[in-house]
Amino acid sequence: MSTTVDQAGRSLADPKTYLDEERLHAALSLLRRESPVHLVEAPDYNPFWAITRHADIMEIERDHALWINEPRPLLAAAEFDRLQEEQRAMGMALSTLIHMDDPHHRVVRAIGADWFRPKAMRALQPRIDELAHRYVDRLAELGGECDFVQQVAVHYPLYVILSLLGLPESDFPRMLKLTQELFGGQDEELQRGTTAEEQMAALFDFFNYFNAVTAARRAEPTDDLASAIANARVDGEYLSDVDVASYYVIIATAGHDTTSSTISGGLHALIEHPDQLTRLKENPDLLPLATDEMIRWVTPVKEFMRTATRDTQVGGVPIAKGESVLLSYPSANRDEDIFDDPFRFDIGRDPNRHLAFGFGVHYCLGAALARMEIRSLYTALLPRLESIELAGTPEWTATTFVGGLKHLPIRYTLT
Ligand code: HEM
């Protein structure tokens, strides 16, 4: 039986769809072709419009006065939307950059922005290279067979981010668990519990941990990003506790699963396309292009949402004030109108106008850092990699938000 556009639309609200890339892309291709601005009414979810074409997503992201992030920055079950609304009313809701709009967003984003500019990135390069080498050594120690996701990829980006924030290494395992509980919230293996309350509890643990960090950095400022956030002042006042904790949360979480998913998904793509692996090993100067192709290929952020501030239209379809649109980045990154042969993994793809980092005022703050981390790891790995193959069946995370491979069993020889 063939899938209808309504079924395809509803499948975007089902975390299990993202376990099967073929099924996901079949649904997205159908929507792009037949109903690129599609109203989705899925059980347990408030209605939303699925936007699947690259051009429409860019147009929406460009106009951040018409399309705002609050009150619904990402897809969640109606029960979770309701809980968020209650917490907002109490002033206790998570308020990260992705929950904010101008003018507040611009001011708060500026606090961290310097830490992610090229100059700061260059200063960080030696530390990242050192970590990349540490993890390739680890791969060698594991003796030729491992689960690349769980034993290597999830650790390295978290170490980078937590080093940038200035948190002690002894806290890293706890942070790893909490970020997985937060971002893997829809995956049975990773989640803390099944109810919205249990998942909110993971969020509160995060808040408590970072409130203690804030107090310590205000008492004794240090030269790290955590201190810059804790001691930032807007109109002469510190950020509120919720705003400070939210800042840490977005940096620690956004910088982690995204990059680790890209590193693992990139390795999987190289295993599946051995001609591209050989080409990259023989032409290491293609690595910057290969990095962006891995990011396009994996697209670890599956969606963000925007809400219309007035009646408008997208691609000729009327959308009323207060209605929300889901921006499907995996779909934009396979759009036939933008990419030549979009389902071909091509490490030399140029140009590569992917939207994996979004677009406009919310464009990923950590894009330069993510690219650097991926490049450093492959710079350390590729010259030592003599052979690699799958040693089992890869598994993906069930999530409608951020994710990718959860297990990647590999067999390899390193020099
Ligand atoms: C925002 C993707 C790595 C920090 C975003 C957005 C996307 C994204 C799609 C939303 C953009 C929009 O709404 O237009 C990715 C991908 C990554 C990655 C694919 C890795 C391959 C990182 C890293 C950090 C980071 C390493 C570093 C801490 C952020 C922050 C925001 C953000 C703070 C919010 C920006 C804002 O709303 O102003 N990212 N990200 N991301 N990302 Fe990343």
Side-chain angles (χ1 to χ4, degrees), residues 51 54 57-64 67-70 72-74 94-117 120-121 124 128 131 153 156-165 167 175 179 183 225-226 228-229 246-266 291-307 325-333 354-377 401-404:
I51 313 294
H54 189 287
I57 293 177
M58 287 206 27
E59 189 186 314
I60 290 169
E61 293 222 52
R62 193 175 280 125
D63 195 343
H64 60 277
W67 295 102
I68 55 172
N69 281 39
E70 273 293 38
R72 204 181 172 193
L74 49 98
L94 190 66
S95 172
T96 75
L97 288 172
I98 61 149
H99 297 80
M100 292 174 192
D101 293 292
D102 277 352
H104 191 52
H105 171 259
R106 188 167 351 110
V107 174
V108 177
R109 182 169 162 120
I111 293 167
D114 275 351
W115 289 81
F116 294 95
R117 284 193 219 288
M121 289 299 105
L124 206 60
I128 293 182
L131 285 168
Y156 162 67
L158 188 68
Y159 268 53
V160 172
I161 288 298
L162 297 181
S163 304
L164 180 69
L165 279 169
L167 302 179
M175 281 297 112
T179 50
F183 267 12
L225 177 55
I229 296 168
S246 298
Y247 219 122
Y248 293 135
V249 169
I250 187 80
I251 303 278
T253 53
H256 173 211
D257 274 12
T258 49
T259 315
S260 65
S261 296
T262 308
I263 288 170
S264 330
T291 299
D292 269 90
E293 181 65 345
M294 289 180 197
I295 297 168
R296 179 189 79 91
W297 192 251
V298 174
T299 311
V301 178
K302 308 306 173 197
E303 50 91 9
F304 271 110
M305 295 183 82
R306 300 290 188 267
T307 298
V325 292
L326 175 140
L327 313 175
S328 174
Y329 298 123
S331 178
N333 289 345
H354 69 75
L355 290 182
F357 290 123
F359 183 69
V361 295
H362 287 276
Y363 180 78
C364 176
L365 195 57
L369 176 60
R371 287 186 169 114
M372 197 164 102
E373 284 178 58
I374 299 164
R375 277 200 312 265
S376 283
L377 190 87
F401 183 31
V402 174

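Note that the coordinates shown come from a computational prediction; the quantities given were computed from them, not determined experimentally. Counting convention: from 1, in listed order, for ligands and their atoms alike.
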According to salt bridge (Lys or Arg N to Asp or Glu O under 4.0 Å), who are the partners of Asp114, at least two apart in sequence or on a separate chain? Arg117
Say you draw a straight line from NE2 of His354 to NE2 of His54; how long is it, rounded to the nearest 0.5 Å? 9.0 Å
With a 4.0 Å cut-off on N to O distance, would you call Glu293 and Arg296 a salt bridge? yes
Residues at least two apart in sequence or cross-chain that pass salt bridge (Lys or Arg N to Asp or Glu O under 4.0 Å) with Glu303, listed by chain then number, are none
Could you work out, with ring pair (Phe, Tyr, Trp, His ring centres under 6.0 Å) as the rule, every residue matching His99, not counting sequence neighbours? none
Please tabulate, line by line, the atom pairs linking an N/O of ligand 1 to a protein N/O at a distance below 3.5 Å, with the distance in Å to 0.1, or answer 'none'.
residue	atom	partner	partner atom	Å
ligand 1	13 (O)	Arg306	NH2	2.8
ligand 1	14 (O)	Glu61	OE1	2.4
ligand 1	14 (O)	Glu61	OE2	3.4
ligand 1	14 (O)	Phe359	N	3.1
ligand 1	14 (O)	Phe359	O	3.3
ligand 1	37 (O)	His362	ND1	2.6
ligand 1	38 (O)	His105	NE2	2.7
ligand 1	38 (O)	Arg109	NH1	2.7

His105 and His362 aromatic ring geometry - parallel, tilted or perpendicular at 30°/60° bounds: tilted
